[in-house]
Amino acid sequence: MSSTKASERYNAPVREKHWQKVWEERGTFRTEERSRKPKRYQLEMFPYPSGRIHMGHVRNYTLGDVIARYMRAKGYNVLHPMGWDAFGLPAENAAIERKVHPAKWTYENIDTMRAQLKAMGLSLDWSREFATCDPNYYVHQQRLFLDFLKKKLAYRGPAKVNWDPVDQTVLANEQVIDGRGWRSGAAVEQRELTQWFFKITAYADELLRALDGFGGKWPDFVRTQQRNWIGRSSGASMKFALEGGKLPKKLATLEVFTTRHDTIFGASFMAISPEHPLSTHLAAKNKDLAAFIEECRKIGTSEEALAKAEKKGFDTGILAVHPFEPDVKLPVYVANFIVMGYGTGAIFGCPAHDQRDLDFARKYGRPVIPVVLPPGADRATFAISDEAYDGDGTLINSKFLDGLGIEAAKDKIASLLEERGIGARKVNYRLRDWLISRQRYWGCPIPVIHCETDGIVPVPLDQLPVTLPKDVAFDKPGNPLDHHPTWKHVTCPKCGQPAVRETDTMDTFVDSSWYQFRYTAPKAKTPTDKRALQYWVPVDQYIGGKEHAVLHLLYARFFTRGMKATRHVAIDEPFASVFTQGIVVHETYQSENGDWLMPSEVRIEGEGAQRKATSIATGRPVTIGPIEKMSKSRKNVVDPDDIIAHYGADTARLFIVSDSPPDRDITWTEASVAGAGRQIQRISRLIDQVAERRAPKPNGSPPSLGPEAEELRRTAHKALNTVSQSIEGLRYNVGVAQIYELTHAIQAALDKSVDKSGDGLDWAIREAAELLVQLVGPMVPHLAEDCWERLGYNTLLADQPWPEPDPALLVDDQITIAVQVNGKRRDELIISRSASKADIEAAALKLESVTRALQGKPVTRVIVVPQRIVNVVA
RNA sequence: GCGGACGUGGCGGAAUAGGUAGACGCACAGGACUUAAAAUCCUGAGAAGCGAAAGCUUCGUGAGGGUUCGACUCCCUCCGUCCGCACCA
């Protein structure tokens with residue numbers, strides 16, 4: 001490059017700090033409190049303050065920031081807040097392992113991470129920041145809890161937990177490894193505790209039905225997974241009389257829930273859960289059964305473990321009488337794959353038409369009677385081997401049901417059950433109530449008091465918040481709140497007698513179930529502020545990880561309904577639109593002795609099959625492993641700070657938005673980051689060259705333009721159109737590709753025209769360059785701001801309205817369409833956009849390439865799709 | 001085990017109301033600039049084959065089948081990878 005200025009490198013780290021200061025000083029991203037503008041609530045899932053931000057955060061917040069900045073430019077009053085999901089298990093682990101108080105650990109992490117996020121140049125309104133561990137936040141959550149309690153949306157009930165007998169503590173499923181506590185190594189037991197629940201099942205049907213209205217706004221997979229999670233199934237309850245043992249009256253009939261009551265004549269056994277009252281009753285007098293149940297307990301509480309376990313049963317010797325064939329008696333087993341939490345915790349087994357039942361029947365030698373004949377199958381020869389048949393068909397071997405279809409048979413059985421009073425049509429849900437009790441310190445205290453005389457007493461509102469004691473010890477096993485010397489001892493607010501506080505804290509999913517509302521009025525004296533809510537909710541676009549597809553998003557949906565029932569909000573659904581991003585993945589590296597190495601500790605040479613890695617520290621060879629999700633355990637992490645310090649935040653941001661579609665996983669590679677860094681420099685240089693031209697600012701209507709200038713304008717306006725659409729559709733990678741094409745076009749124009757006047761090229765270059773700067777603004781905001789200044793403006797780019805494309809420049813008069821012969825492309829045709837079918841056909845048939853491909857065969861048909869394609873069929 | 005998604009050159013990806021597959025970028029090769037290197041710019045390229053060249057032919061979107069004038073796109077079967085499974089967040 002000829003000029004000295006144009007060859008100067010853009011010093012991103014320095015300029016980024018400058019612009020961040022300018023934005024902060026001017027309060028550029030402060031949300032307007034009172035505004036006539038339309039609102040836009042842009043939210044990304046807030047982070048858990050684990051220590052330092054990771055690339056997943058960088059991705060999440062970059063994706064959101066692009067929209068937030070774009071919407072701001074589009075004239076919206078944007079709410080784009082940030083806070084901290086600050087309660088949770090890792091803080092307590094740190095307390096145990098490093099003897100740091102959870103609060104200290106958490107707030108130090110928050111300080112670190114806040115500084116890191118600020119270095120990313122996000123357009124956040126930091127004045128609304130809060131942490132969920134702050135009593136100013138959780139006081140409102142306690143109030144919500146009490147309101148839920150009043151409405152019976154919160155209640156106490158029994159639940160099974162993983163109990164570590166050595167650590168005297170409840171374990172999370174992820175803390176149970178192969179049936180043992182992760183810290184103590186002790187065999188984990190199951191204990192039944194009285195726990196707090198939220199009554200999410202009260203809204204099961206509503207939560208399910210509302211999903212239908214999310215089409216196009218929520219990812220389909222999230223909707224499907226939530227549907228499956230709620231798991232509505234309509235079937236029937238059915239009572240079986242029991243024989244063969246002295247059973248108390250309550251246990252003498254066994255009720256099951258089934259969705260396949262049509263297959264009742266194929267029933268060959270009964271199975272009940274190890275936790276079923278009948279199991280417990282029988283085990284009291286049967287040591288072998290008690291041992292079996294004990295064995296089942298060791299499988300754990302997770303559904304996954306239960307499903308993977310080998311199916312086992314224990315014959316109780318009790319028999320169940322078939323409701324429609326009194327002579328048929330079915331043995332009752334206790335089986336490890338029957339879950340107490342679903343239906344009634346008991347089933348009848350029909351091996352021919354259910355795979356699990358079939359596996360069980362084969363194992364325990366129960367008969368397999370087919371009762372549904374597949375269409376076209378021969379009744380005489382149809383048999384079940386090792387695969388159950390769960391398809392459609394006609395009933396056989398089923399007395400009065402024979403010949404009926406499945407639905408008709410279900411209907412008949414259900415009617416009979418109801419007539420005889422031994423069952424009924426029933427809708428069942430897989431969804432269970434939300435267990436919110438946690439026997440942990442670092443969570444929101446549940447604000448109730450247990451009194452011997454008055455029972456459960458809510459803490460009076462004027463005594464909220466119930467704050468966590470600061471002086472806690474983590475050296476003893478168990479819940480620190482429980483063995484704190486004074487904290488739990490209080491007087492009953494009702495009778496004044498000594499009483500104890502609830503020492504359970506809330507699941508941290510509660511904290512994140514309503515934070516989206518708190519941002520709209522973070523300092524309000526009540527949980528929410530009506531006026532602020534009215535303007536801001538719902539969240540217009542929520543962005544976060546796929547792993548939250550069910551739990552977090554479903555809980556927040558439930559909580560919103562609960563808050564509506566308790567008059568804290570007026571809407572049902574918190575998130576109008578949801579987007580789930582992919583994860584950030586990276587290669588893994590292992591030294592000879594199997595230790596994992598960080599990417600920064602490895603030197604890579606060569607490429608393809610020749611690619612080799614060595615340890616920088618030792619010079620020894622390193623094995624390059626598969627590409628996996630970035631994780632501390634695999635050490636395949638790249639610290640965002642290092643990237644920002646070296647290349648600048650814009651490079652990290654550009655890397656995030658180029659190439660990979662936001663919803664797919666993105667592979668972090670050093671080469672691609674360096675590539676993004678080069679693009680930053682390229683744009684910077686380009687703008688310098690344009691600025692040096694001192695071309696007129698493109699105010700008013702364009703001068704008369706030569707063909708090159710006209711072409712450049714078309715390219716620029718098409719890019720503007722594509723980029724706008726790509727941002728709105730969260731397909732940034734497509735927009736970035738357009739931006740690169742635009743930079744090429746501008747560069748080519750710059751190289752072409754020197755001192756030529758009258759063709760308006762300088763004018764077009766100037767216009768294209770300004771558009772380019774505006775288009776990259778949401779993605780690489782610091783660079784864009786810098787370029788805007790270099791183009792001679794003393795305004796902030798962040799305050800500029802988003803440009804509008806000239807529609808006339810978006811459509812070409814001449815277009816190229818493909819010409820096929822028998823479906824194979826043989827040529828192309830440049831033709832007027834408005835060409836008729838006949839014109840296109842005639843033009844195509846005249847082509848020599850078409851004649852040649854036809855090889856003299858007569859044309860039978862010509863398919864013409866105007867503006868797209870012509871296909872000559874011979 | 002159950003539920004859900006994804007699969008396109010060496011790599012990330014583009015093209016979906018079924019209509020020119022491989023835009024754009026990375027890596028690579030050649031060239032320009034340079035004493036040299038870095039940086040930068042230009043050019044090339046899916047694979048195989050034919051041709052001196054312009055160019056032409058065939059094959060190609062995880063595998064196999066189907067629908068269609070035409071399939072990355074729709075349907076069926078299979079394979080692989082990833083995510084969730086209720087106390088991680």
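In the text below, chain A, chain B and the rest are named by the order of the sequence lines, each starting its count at 1. Worth saying up front: this structure is predicted, and the values here are computed from it rather than measured.
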Go ahead and write out RNA chain B as dot-bracket, 5' to 3': ( ) for pairs within the strand, [ ] for ones crossing earlier pairs, | when the partner sits on another strand, dots for unpaired; Watson-Crick or G-U wobble, both distances under 3.5 Å.
(((((((..(((......[....))).(((((.......))))).(((((....)))))..(((((..]....))))))))))))....
Using the [atom1] atom on both, measure [N] against [M] and round to a whole Å.
{"N": "A39(B)", "M": "A29(B)", "atom1": "P", "answer": "13 Å"}
{"N": "A45(B)", "M": "G31(B)", "atom1": "C1'", "answer": "15 Å"}
{"N": "G9(B)", "M": "A15(B)", "atom1": "C1'", "answer": "15 Å"}
{"N": "U20(B)", "M": "G46(B)", "atom1": "C1'", "answer": "15 Å"}

Do Asn428(A) and Ser233(A) pair up side chain to side chain, a donor and an acceptor below 3.5 Å, judged on atom types alone?
no
Spacing between [X] atom [atom1] and [N] atom [atom2], to the nearest angstrom:
{"X": "Ile683(A)", "N": "C24(B)", "atom1": "CD1", "atom2": "C1'", "value": "13 Å"}
{"X": "Arg682(A)", "N": "G25(B)", "atom1": "CZ", "atom2": "P", "value": "8 Å"}
{"X": "Gln581(A)", "N": "C6(B)", "atom1": "CD", "atom2": "C1'", "value": "17 Å"}
{"X": "Phe655(A)", "N": "G13(B)", "atom1": "CZ", "atom2": "P", "value": "10 Å"}
{"X": "Glu587(A)", "N": "C26(B)", "atom1": "CD", "atom2": "P", "value": "19 Å"}
{"X": "Trp218(A)", "N": "G4(B)", "atom1": "CH2", "atom2": "P", "value": "18 Å"}
{"X": "Leu750(A)", "N": "C42(B)", "atom1": "CG", "atom2": "P", "value": "12 Å"}
{"X": "Asp390(A)", "N": "C2(B)", "atom1": "CG", "atom2": "C1'", "value": "13 Å"}

With a 4.0 Å cut-off on heavy atoms, is Thr816(A) in touch with a base, just the backbone sugar-phosphate, or nothing at all?
base
In sequence, state the C-alpha distance, the side-chain angles, and the governing distance for Glu92(A) and Arg440(A), and then conclude on side chain to side chain contact (heavy atoms under 4.5 Å, CB included).
CA-CA 8 Å; Glu92(A) 282 190 61; Arg440(A) 315 205 183 279; 3.1 Å; yes
Choosing from [options], which nucleotide comes nearest the side chain of [X]?
{"X": "Arg852(A)", "options": "U57(B), C24(B), A27(B)", "value": "U57(B)"}
{"X": "Arg826(A)", "options": "C24(B), U58(B), A21(B)", "value": "U58(B)"}
{"X": "Arg685(A)", "options": "G19(B), C41(B), C26(B)", "value": "C41(B)"}

5' to 3', nucleotides 68-73 of chain B under a 4.0 Å protein heavy-atom cut-off (B base, S sugar-phosphate only, - none) gives -BS---
Contact state string [nucleotides 80-89 of chain B, B base, S sugar-phosphate only, - no protein heavy atom under 4.0 Å]:
----SBBBBB
Option passing ring pair (Phe, Tyr, Trp, His ring centres under 6.0 Å) with Tyr555(A) (candidates Trp514(A), Trp229(A), Phe509(A))
Phe509(A)
Looking only at side-chain N and O atoms, does Arg678(A) come under 4.0 Å of OP1 or OP2 in A39(B)?
no
Under 4.0 Å between a side-chain N or O of Arg868(A) and OP1 or OP2 of A15(B)?
no
A cation-pi test, strictly: NZ or CZ of Arg223(A) under 6.0 Å from the centre of the six-membered ring of Trp218(A) and no more than 45 degrees from its axis. Yes or no?
no
Residues which pass salt bridge (charged side-chain N to carboxylate O under 4.0 Å, His left out) with [X], listed by chain and number, not counting sequence neighbours:
{"X": "Asp390(A)", "answer": "none"}
{"X": "Arg664(A)", "answer": "none"}
{"X": "Glu97(A)", "answer": "Arg183(A)"}

Give a yes or no on whether the ring-centroid distance for Phe655(A) and Trp668(A) is below 6.0 angstrom.
yes
Compute the centroid of each ring, for Phe337(A) and then for Phe360(A), and state whether the two points are separated by less than 6.0 Å.
yes
Residues Asp504(A), Arg438(A): salt bridge by 4.0 Å N-O rule:
no
Output yes when Glu841(A) and Lys837(A) qualify as a salt bridge under the 4.0 Å nitrogen-oxygen rule, no when they do not.
no
If you assign each of Ala307(A) and Glu828(A) to its closest nucleotide in RNA chain B, which residue comes earlier from the 5' end?
Ala307(A)
Arg356(A) or Val870(A), whichever maps to the more 5' nucleotide of RNA chain B:
Arg356(A)
Which of Glu192(A), Glu189(A), Glu275(A) passes salt bridge (Lys or Arg N to Asp or Glu O under 4.0 Å) with Lys160(A)? Answer is Glu275(A)
Does G18(B) count as syn, meaning its glycosidic angle lies within 90° of 0, or as anti?
anti
For the OG1 atom of Thr259(A) and the CD1 atom of Ile347(A), what is their distance to the nearest 0.5 Å?
10.5 Å
